[in-house]
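Some notes on the structure that comes next.
Counting from 1, the numbers follow the sequence of the chain as shown.
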Amino acid sequence: MPRLIWSPSSLDDLKGIDRYLAPLDGAAAGRILRAIRATAERLRDYPRIGRAIEERFHVLGVRTTPYLLIYRIIDTEIEIVRIRHAREDWLGEIEGEL
């Protein structure tokens, strides 16, 4: 089973999501963060489930949330690169890393 790695940027994204949502609706923030983590864990069993972007990156929507996991597969590791809201212009940010 591949090892799951969270990049520093993805951990910052998680913190930012929590900082934004928790004051608005703490229960919703908890549900969304759990859904994000569960989706990331699912990648360990199905690493290619996401849509490919170029050759190095994949994107996978987190069910019941507006968030996307942007990740890459490196040998026996899956690295969560960023977590972005679906309405954000995140593709240009990722293309800078290609």
Linking I/L/V/M/F/W/Y whenever any side-chain heavy atoms sit under 4.5 Å apart, do [X] and [Y] land together?
{"X": "W6", "Y": "L43", "value": "yes"}
{"X": "Y67", "Y": "V81", "value": "no"}
{"X": "I53", "Y": "V62", "value": "no"}
{"X": "I36", "Y": "Y46", "value": "yes"}
{"X": "I73", "Y": "L68", "value": "no"}

Between [atom1] on residue [X] and [atom2] on residue [Y], distance to nearest 0.5 Å:
{"X": "D12", "Y": "I17", "atom1": "CG", "atom2": "CD1", "value": "11.0 Å"}
{"X": "R84", "Y": "D13", "atom1": "CZ", "atom2": "CG", "value": "4.5 Å"}
{"X": "R3", "Y": "I5", "atom1": "CZ", "atom2": "CD1", "value": "4.0 Å"}

Next item on the list: Search all heavy atoms of L4 against all heavy atoms of E41 and return the closest pair with its distance.
Entry: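 Looking at all heavy atoms of both residues, the shortest contact is CD2-OE2, 3.5 Å.
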Taking the side chain as every heavy atom from C-beta outward, state whether [X] and [Y] have any atom pair closer than 4.5 Å.
{"X": "K15", "Y": "D18", "answer": "no"}
{"X": "P2", "Y": "E77", "answer": "no"}
{"X": "L60", "Y": "I49", "answer": "yes"}
{"X": "R82", "Y": "S10", "answer": "no"}
{"X": "D45", "Y": "M1", "answer": "yes"}

Notebook entry, point to check: I83 pairs by side chain to side chain contact (heavy atoms under 4.5 Å, CB included) with which of L11, I70, L69?
Noted result: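 Output: one option passes, namely L69.
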Margin query: Over 60° means perpendicular and under 30° means parallel, so tell me whether H58 and Y71 are parallel, tilted or perpendicular.
Written below: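 Answer is parallel, since the angle falls under 30°.
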